[in-house]
Enquirer: 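Here you go, one structure.
Counting begins at 1 with the first residue of the sequence. Please read these numbers as outputs of a predicted model, since none were measured by experiment. Each ligand, and each atom within it, is numbered from 1 in the order the structure gives. Computed over heavy atoms, backbone and side chain alike; hydrogens, waters and symmetry mates excluded.
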Amino acid sequence: MKRMPMIAGNWKMFKTGPQAVDTAAQVSAACRDVTDVQIMIAPAFVSLPLVAATVKDTPVCVGAQNLHFEAQGAFTGEISADMLIAAGAEYVIIGHSERRQYFFETDEMVCRKISAALSGGLKPILCIGETETQRDRGETFLTLDKQVSDGLQGFGPEELQDLVLAYEPVWAIGTGKSASAQQVEEVHQYLRSLLEKQFSFDLAQAIRVLYGGSVKPENINELMRITDVDGALVGGASLDADTFTKIIKFDNTL
Ligand code: 13P
């Protein structure tokens, strides 16, 4: 089954509104003729409407980096799925390891967030990944298994057609140390078999599984050559328009 590759930029807590608009304008101009890759930028919440307006009618779409699991209410400082949709978001990143590590997000919260995203009409990008200690202890598959089964508990395959899974080994994020092609291949194969076991063969074939963690122009071709890799979630290297464009325009003739 052919899955449309996706290259997504997670801008984390970088760039003011004007800076985000500037970079988004450069990326969308450089990629205006790209038709075979889904391009997504996730800026800070306050920049979402600005970036959405900037990339309107270009191949670039916009995503948020987080959302709250309630539809509305007295939750000071939080943001809902409806608000993100109204701001122009199509995707939302859920359960990023930085949210899990610094903001104590649990698999149960992640599951509620996926539900809120889907009910609100957002496409969730569920992030999972093991820490260095978990890998060293041989607990990589166990960790991923728990994150997938608890994070997606209670959903049926028909609800998850738009789900994107992002494998981001925590030890590879922002370290310059990407996972090896062999490590990525092994995990992505495992994830697809997990999805098949938990849901269905068809869903497992339809879902895009992205890799994230020190992706750069120098390693994107090798990563995209791996059968079960359908794209990348890029942090640091997505902040610069030229570098991000090089990743988006990876060599897909291989
Ligand atoms: P880096 O590409 O900076 O390692 O970050 C990856 C990431 O966390 C994307 O969500």
Enquirer: What do we get for I173 next to ligand 1 when only non-hydrogen atoms under 4.0 Å count, side chain, backbone, both or neither?
Expert: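 Near ligand 1, I173 shows its backbone as well as its side chain.
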Enquirer: Regarding Q65 and W11, is there a side-chain donor-to-acceptor distance under 3.5 Å anywhere?
Expert: no
Enquirer: May I ask you to decide whether R100 forms a salt bridge with E105, counting only side-chain N to carboxylate O separations under 4.0 Å?
Expert: no
Enquirer: Give yes or no for whether the N/O distance cutoff of 3.5 Å, strictly under, is met between H96 and ligand 1.
Expert: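 Yes: some nitrogen or oxygen of H96 is under 3.5 Å from one in ligand 1.
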Enquirer: More than 12 heavy atoms of other residues, nucleotides or ligands under 6.0 Å from CD of Q72: yes or no?
Expert: no
Enquirer: A172 heavy atoms, cut-off 4.0 Å: which ligand 1 atoms fall inside?
Expert: 4 (O)
Enquirer: Over 60° means perpendicular and under 30° means parallel, so classify the ring planes of Y167 and H188, tilted if in between.
Expert: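 Answer is perpendicular, since the angle exceeds 60°.
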Enquirer: Does G213 come within less than 4.0 angstrom of ligand 1, counting non-hydrogen atoms of the residue?
Expert: yes
Enquirer: Do the side-chain N and O atoms of T23 and Q26 include a donor-acceptor pair separated by under 3.5 angstrom?
Expert: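 Looking only at side-chain atoms, Q26 and T23 do not form any donor-acceptor pair under 3.5 Å.
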Enquirer: Is there any N or O on G235 that sits under 3.5 Å from an N or O of ligand 1?
Expert: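 Yes, since at least one N or O of G235 sits under 3.5 Å from an N or O of ligand 1.
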Enquirer: Work out whether the distance between some heavy atom of A237 and some atom of ligand 1 is less than 4.0 Å.
Expert: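 Outside the 4.0 Å threshold, so no.
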Enquirer: Does K216 have a heavy atom less than 4.0 Å from any atom of ligand 1?
Expert: no
Enquirer: Does any N or O atom in G174 lie less than 3.5 angstrom from one in ligand 1, N or O only?
Expert: yes
Enquirer: Would you call D107 and R112 a salt bridge, using N to O less than 4.0 angstrom?
Expert: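 Looking at D107 and R112, the cut-off is not met.
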Enquirer: With respect to S214, determine whether any N or O atom, backbone or side chain, lies less than 3.5 Å from an N or O atom of ligand 1.
Expert: yes
Enquirer: Where is the nearest protein heavy atom to atom 7 (C) of ligand 1: which residue, which atom, and how far?
Expert: E168 OE2, 3.2 Å
Enquirer: Show me, pair by pair, the donor-acceptor contacts under 3.5 angstrom made by side chains of residues 154-165, not counting sequence neighbours?
Expert:
residue	atom	partner	partner atom	Å
E159	OE1	G156	N	2.6
Q161	NE2	P157	O	3.3

Enquirer: Which atoms of ligand 1 have any heavy atom of L233 under 4.0 Å away?
Expert: 9 (C), 10 (O)
Enquirer: Quick test of your reading of the model: are K146 and E139 salt-bridged, counting only N-O distances below 4.0 Å?
Expert: no
Enquirer: Can you report which non-hydrogen protein atom sits closest to atom 3 (O) of ligand 1, along with the distance?
Expert: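 For atom 3 (O) of ligand 1, the nearest protein heavy atom comes out as G236 N, 2.8 Å.
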